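Note that the structure is a prediction, hence the values are computed from the model and not measured.
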Amino acid sequence: MSTERQVTIFTDGACQGNPGPGGWAAIICSGTEKKELSGADPATTNNRMEMIAAIEALKTLAPGTEAQIFTDSTYLQKGITLWLPSWKARNWQTAAKTPVKNKDLWIQLEELCTTRRVSWSWIEGHAGHPENEHADQIAKTAIIGLAMRM
């Protein structure tokens, strides 16, 4: 990626079955450059794939970078912006007093956000937004690639 300190990221996760084989994708836009990342997991959930897309994208950014992340996952967007402080205050319990799912990923995501200036925006999925649609296709292709390797 370029050395610019401001980037836009589009993320998506997909699953065939939930749980089931899943794929994730991130498109990182910095100036005129675009970088695509993707991966897959043979046994996962769509929420984990959404989170991993954001985590892997943020890992590529230098500390101090300003990033705007667009996700079609309200779970990811609300989790990181609204719910996380309450979960931590309740010792990783939900309001219903059940353990928070994906705690391991929430911890990683929060750590990455402490050294980068990240803003989170929800974007409606499957609504024709070019980068969101492309991220969705990359994530689904990662699942196909996983199936071919197995």
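At distances below 3.5 Å, not a single donor-acceptor pair connects side-chain atoms of W83 with backbone N or O atoms of L76. Within the 3.5 Å criterion, the main-chain N or O of A67 finds no donor-acceptor partner in the side chain of R116. Judged by distance alone, the side chain of T81 and the main-chain N or O of Q77 form a donor-acceptor pair under 3.5 Å. Proximity of a side-chain donor or acceptor of E36 to a complementary backbone N or O of I27 within less than 3.5 Å is not detected.
I123 and L82 fall into different hydrophobic clusters, where Ile, Leu, Val, Met, Phe, Trp and Tyr are joined by side-chain heavy atoms under 4.5 Å apart, directly or via other members. Hydrophobic cluster membership is shared by M51 and V100, with clusters built from Ile, Leu, Val, Met, Phe, Trp and Tyr side chains linked at under 4.5 angstrom.
In terms of heavy atoms, I138 sits closest to S38 at CG2-CB, 3.5 Å. The two residues Q6 and S30 come nearest to each other via the heavy atoms O-OG, 4.1 Å. Here the shortest heavy-atom pairing between T74 and W122 reads CG2-NE1, 3.3 Å. Between T94 and P99, the closest heavy-atom pair is CG2-O, 4.2 Å. Listed here is the closest heavy atom pair of I9 and A57: CG2-CB, 3.8 Å. When all heavy atoms of S121 and Q68 are compared, the pair lying nearest together is OG-NE2, 3.0 Å.
Separating the SG atom in C113 from the CD1 atom in I69 is a distance of 6.5 Å, to the nearest 0.5 Å. Atom CD1 in I52 sits 11.0 Å away from atom CG in L109 (nearest 0.5 Å). How far CG of L58 is from CD1 of I28: 8.0 Å, rounded to the nearest 0.5 Å. A distance of 16.0 Å separates NZ of K103 from NZ of K101, quoted to the nearest 0.5 Å. Interatomic distance, CG of D12 versus OG1 of T71, reported as 7.0 Å (0.5 Å rounding). Taking CG from N102 and OG1 from T44, the interatomic distance works out to 8.0 Å, rounded to the nearest 0.5 Å.
The 12-atom threshold is exceeded at CD of Q93, counting heavy atoms of other residues, nucleotides or ligands nearer than 6.0 Å.
Taking the ring centroids of W120 and Y75, they lie at or beyond the 6.0 Å cut-off. Aromatic rings from F10 and H129 are positioned such that their centres are separated by under 6.0 Å.
Counting only heavy atoms from C-beta outward, the side chains of K59 and Q108 approach each other to under 4.5 Å. Residues W24 and R48 are not in side-chain contact: their nearest non-hydrogen atoms beyond the backbone lie 4.5 Å or more apart. Put simply, the side chain of N132 does not reach to within 4.5 Å of the side chain of F70, judged on heavy atoms. Side-chain contact between D72 and E50: present, with at least one pair of heavy atoms (C-beta onward) separated by less than 4.5 Å.
In terms of the salt bridge (Lys or Arg N to Asp or Glu O under 4.0 Å) criterion, residue partners of K88 (sequence neighbours excluded) are, by chain and number, E110.
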